[in-house]
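Note that this is a predicted model, so its numbers are computed, not measured. Order of the sequence lines sets the chain letters (A, B, ...), proteins ahead of strands, with each chain counted from 1.
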Amino acid sequence: MALSTQPYKGARDFYPEDKRLQKYMFGIMRRVAESFGYEEYDAPVVEPLELYLAKTGDEIVNEQTYAFTDRGGRQVVIRPEMTPTVSRMVAGRRQGLAYPLRWYSIPNLWRYERPQRGRLREHWQLNVDMFGLDSLLAEAEIIQVADGILKATGATHDMYTIKLNSRTLMNYILHDYLQLDSVQSHTIAKLIDRMHKMPHEAFVAEVDAVFTPSQRDSGASNKLIGLLRTKTIEHLPEVIRQSSPALELQELLRVLKQAKLTNVVFDLTVMRGFDYYTGIVFEVFDENPDNNRSMLGGGRYDGLVGLFGVEPVPTVGWAMGDVTLQKFLEGHDLMPLLRPETDVYAVLIGNVYTDAQRVIGEMREMGVNVAVDMTGAKIDKQLKTATKKGIHYVLFIGEKDLKDEQYEIKNMLTGVAERHSVARIISIIKDYRSDD
RNA sequence: GCGGGAAUAGCUCAGUUGGUUAGAGCGUCUGUUUGUGGCACAGAAGGCCGUGGGUUCAAGUCCCAUUUCUCGCCCCA
């Protein structure tokens with residue numbers, strides 16, 4: 001039985017062309033996050049099981065993690081998300097950190113589940129968090145970071161929509177306005193989370209079933225359905241509109257509008273799956289009809305750091321997966337033309353390998369990436385290799401070139417070849433590389 | 001964890017109601033005589049038809065199981 005060449009189920013091999021795209025996406029994430037002053041951190045891939053038991057839903061821990069017992073009998077998990085880890089790190093040094101703390105990371109995460117479109121077992125996820133600021137300006141800033149990253153890919157505001165909601169507003173509506181108990185509220189919240197995946201009649205029927213007969217008679221069920229259709233805060237009933245979470249949402253919308261985010265809307269149906277959110281929640285939706293999904297989401301979760309037995313630290317954050325971003329780029333024709341890392345392929349003519357080293361070495365010292373063909377193959381064969389590798393420039397080095405100190409540099413895309421000194425060639429390559 | 005679809009050359013696929021040595025295009029390799037790739041021409045390699053059972057005189061083709069891929073569900077980083 002031959003060994004399989006396939007990667008592990010639900011995980012991906014990154015061949016150089018795949019890795020190149022990943023480097024491009026991560027590069028944008030890093031550049032934009034750092035432009036807002038966010039610092040990169042990382043942590044071990046393996047965490048103790050308890051870290052997740054404290055906050056995440058049972059199903060995630062019990063059925064959707066890679067969990068095992070290590071040789072010392074410790075129960076551990078390959079991290080399925082980064083939020084507990086970063087909360088742990090902040091709690092560990094909370095007194096020595098400078099707040100507001102701006103941190104980001106691009107961890108590799110694993111979940112044990114059946115792969116499907118856009119959801120694998122292994123993925124990379126950008127996490128952007130701000131700790132220590134209990135102000136709407138924190139939400140506003142991290143949303144701007146998200147917007148900045150998408151714009152840096154070349155996306156425009158018509159390609160995605162930023163949808164805002166508030167967990168506290170939902171609590172107010174469900175508990176105070178509709179008078180539901182906590183079990184009913186929880187069930188309704190989960191239903192709202194799924195409402196766009198089911199026919200409207202089915203949704204209405206399921207919502208109805210949650211209400212008691214007397215609640216239905218008083219019209220509470222219809223009120224909720226009506227509320228969920230509301231497209232702006234202004235159209236909410238007066239009592240709700242004057243509640244403090246609604247006023248807060250309105251303020252955030254105003255701040256974001258001032259920051260020129262034209263694609264931000266209020267959406268009462270945005271729930272987010274996790275229970276740990278405590279305030280504003282938001283999601284960014286892809287407007288591509290073929291890929292209508294949430295590609296990024298987050299919100300305020302003030303309670304997590306406090307789980308480590310320290311003073312609570314107010315926190316906002318969001319996360320975005322590499323697979324969803326890639327789907328977004330593909331769907332909107334935003335995939336970049338990526339060049340190979342190698343700038344120049346050196347074709348050797350005759351037995352000049354040793355003498356060519358001084359030319360090649362000089363180029364490398366000046367920051368030009370040069371791959372040398374030392375196969376001794378015929379010229380056409382060496383050129384074919386360069387073409388196949390996708391390298392844009394070929395440098396010919398033969399005895400007469402070494403003697404003249406003039407070398408032919410050929411652009412493989414245009415077919416144009418010129419003879420120059422090494423110094424001139426280096427500057428041509430650098431100019432070419434910088435006009436990305 | 002539950003359900004639908006799929007699996008034939010490196011890739012994309014064809015393969016008749018089951019019937020001889022399993023096909024194409026692209027790609028790969030070799031050559032068209034050694035300082036110039038893409039084009040053209042000539043030739044070659046490459047398949048336990050995913051795997052294991054079964055039905056049959058005969059299975060790539062029908063049946064069962066299994067694995068993997070894929071699309072959904074559950075759940076949602």
Side-chain angles (χ1 to χ4, degrees), chain A residues 1-2 4-12 15 47 52 55-66 77-86 105-127 190 193-194 196-198 271-277 283 293-299 301 317-325 345-352 373 376-402 404 407-419:
Chain A
M1 183 73 178
S4 171
T5 57
Q6 285 188 333
Y8 174 71
K9 182 185 180 76
R12 296 161 289 170
Y15 284 85
E47 290 277 11
Y52 303 96
K55 50 131 290 209
T56 318
D58 287 344
E59 172 151 1
I60 290 195
V61 178
N62 295 331
E63 296 176 29
Q64 299 202 343
T65 55
Y66 280 84
V77 165
I78 302 176
R79 63 188 178 195
E81 57 160 334
M82 200 58 171
T83 306
T85 297
V86 70
S105 187
I106 313 177
N108 186 228
L109 307 175
W110 290 77
R111 60 177 162 218
Y112 193 88
E113 66 167 354
R114 193 132 164 203
Q116 54 186 286
R117 181 178 159 79
R119 283 165 62 81
L120 305 172
R121 288 182 166 183
E122 170 266 339
H123 75 141
W124 301 76
Q125 185 194 62
L126 171 65
N127 281 248
K190 294 279 170 196
D193 207 21
R194 282 165 49 215
H196 296 296
K197 297 180 116 182
M198 55 172 84
M271 291 304 293
R272 305 292 298 150
F274 283 138
D275 291 336
Y276 55 66
Y277 289 108
E283 289 190 343
R293 59 161 70 216
S294 165
M295 45 189 293
L296 170 168
Y301 53 103
W318 57 263
M320 169 170 63
D322 62 334
V323 183
T324 36
L325 178 59
Y345 195 68
V347 168
L348 303 186
I349 303 158
N351 188 20
V352 296
D373 190 315
K378 286 189 234 173
I379 315 297
D380 63 338
K381 179 77 167 77
Q382 296 191 47
L383 280 164
K384 274 185 191 167
T385 304
T387 301
K388 196 166 175 183
K389 286 176 182 291
I391 299 171
H392 290 195
Y393 278 98
V394 162
L395 179 69
F396 295 90
I397 306 177
E399 278 175 28
K400 72 177 191 198
D401 313 278
L402 287 162
D404 302 346
Y407 306 88
E408 185 181 323
I409 184 82
K410 179 171 183 173
N411 183 319
M412 297 296 278
L413 302 183
T414 63
V416 174
E418 299 168 334
R419 281 180 76 79

Correct closest heavy-atom pair for A:Leu120 and A:Gly10 would be CB-O, 3.2 Å
Non-neighbouring partners of A:Arg293 that pass side chain to side chain donor-acceptor pair (under 3.5 Å), sequence neighbours left out:
A:Asn291
Consecutive-pair stems (at least three Watson-Crick or G-U pairs, under 3.5 Å) that include RNA chain B
B:1-7 with B:67-73, B:10-13 with B:23-26, B:28-32 with B:40-44, B:50-54 with B:62-66
Calculate the interatomic distance between A:Tyr112 atom OH and B:rC76 atom C1'; express it in whole Å.
17 Å
Salt bridge (charged side-chain N to carboxylate O under 4.0 Å, His left out) partners for A:Glu408, two or more places apart
none
Are the side chain of A:Asn411 and the backbone N or O of A:Ala417 linked by a donor-acceptor pair below 3.5 Å?
no
Run the side chain to side chain donor-acceptor pair (under 3.5 Å) test against A:Tyr15 and tell me which residues pass, sequence neighbours left out.
none
Qualifying residues under salt bridge (charged side-chain N to carboxylate O under 4.0 Å, His left out), relative to A:Asp373, sequence neighbours excluded:
none
C1' gap between B:rC11 and B:rU67, integer Å
22 Å
hbond_proxy A:Gln382 side chain to B:rU36 base (donor-acceptor, 3.5 Å cutoff):
no
Counting only side-chain N and O atoms of A:Arg194, is one of them less than 4.0 Å from OP1 or OP2 of B:rC74?
yes
Who are the salt bridge (charged side-chain N to carboxylate O under 4.0 Å, His left out) partners of A:Arg114, not counting sequence neighbours?
none
Pairs of donor and acceptor atoms involving the side chains of residues 384-392 of chain A, under 3.5 Å and at least two apart or interchain, shall be tabulated with distances.
| from | atom 1 | to | atom 2 | distance (Å) |
| --- | --- | --- | --- | --- |
| A:Thr385 | OG1 | A:Lys381 | O | 3.0 |
| A:Thr387 | OG1 | A:Leu383 | O | 3.0 |
| A:His392 | ND1 | A:Tyr432 | OH | 2.6 |

Mind checking side chain to side chain donor-acceptor pair (under 3.5 Å) for A:Trp318 and listing every partner two or more places apart, or none if nothing turns up?
none
Carefully, step by step, assess A:Thr85 and A:Tyr52 under the rule side-chain contact (heavy atoms from CB on, under 4.5 Å).
CA-CA 9 Å; A:Thr85 297; A:Tyr52 303 96; 3.9 Å; yes
Describe the nucleic acid contact of A:Asp401 in one word from base, sugar-phosphate, nothing, applying a heavy-atom distance below 4.0 Å.
base
Nearest-angstrom distance, C1' atom, B:rG27 to B:rU12
11 Å
Between B:rU61 and B:rG15, how many Å separate the two P atoms, rounded to a whole number?
14 Å
Between OH of A:Tyr407 and C1' of B:rG35 the distance, given in whole Å, is 15 Å
Measuring from the side chain of A:Arg119 (C-beta onward, heavy atoms only), which nucleotide among B:rU28, B:rG35, B:rC76 has the closest atom?
B:rC76
Over how many whole Å does the gap from A:Arg272 atom CZ to B:rC75 atom P extend?
16 Å
Could you tell me how far B:rU17 sits from B:rC75 if I compare only their P atoms? Round to whole Å.
45 Å
List every contact pair, protein side and nucleotides 37-41 of chain B side both N or O, where the distance is under 3.5 Å.
| from | atom 1 | to | atom 2 | distance (Å) |
| --- | --- | --- | --- | --- |
| B:rG37 | N7 | A:Lys410 | NZ | 3.1 |
| B:rG37 | N1 | A:Met412 | O | 2.7 |
| B:rG37 | N2 | A:Met412 | O | 2.9 |
| B:rG37 | N3 | A:Thr387 | OG1 | 3.1 |

Sequence-distant partners of A:Arg121, salt bridge (charged side-chain N to carboxylate O under 4.0 Å, His left out), two or more places apart:
none
Mind checking what makes side chain to side chain donor-acceptor pair (under 3.5 Å) contact with A:Glu399, not counting sequence neighbours?
none
Determine, for nucleotides 65-71 of chain B in 5'-to-3' order, which nucleotides have protein heavy atoms under 4.0 Å from the base (write B), from only the sugar-phosphate (write S), or from neither (write -).
---SSBS
B:rU55 and B:rG23, which share atom name C1', separated by this distance in whole Å:
28 Å
d(CD1, A:Ile349; C1', B:rU34) in whole Å
11 Å
Side-chain donor or acceptor of A:Gln125 paired with backbone N/O of A:Glu81 under 3.5 Å:
no
What is the distance, to the nearest angstrom, from the CZ atom on A:Phe396 to the P atom on B:rU36?
8 Å
For A:Ile397 and A:Arg121, take the nucleotide of RNA chain B holding the closest heavy atom to each; which residue's nucleotide lies nearer the 5' end?
A:Ile397
Rounded P spacing from B:rG31 to B:rU20 in Å:
39 Å
A:Lys378 has an atom NZ; how far is it from atom C1' of B:rU33, in whole Å?
7 Å
Please report, rounded to the nearest Å, how far the C1' atom of B:rG1 is from the CD atom of A:Glu113.
11 Å
When you compare B:rG53 with B:rU30, how far apart are their C1' atoms, in angstrom units rounded to a whole number?
43 Å
Quickly work out the A:Lys190 NZ to B:rC75 C1' distance and round it to whole Å.
9 Å
Atom P, compared across B:rU8 and B:rC13: separation rounded to whole Å:
9 Å
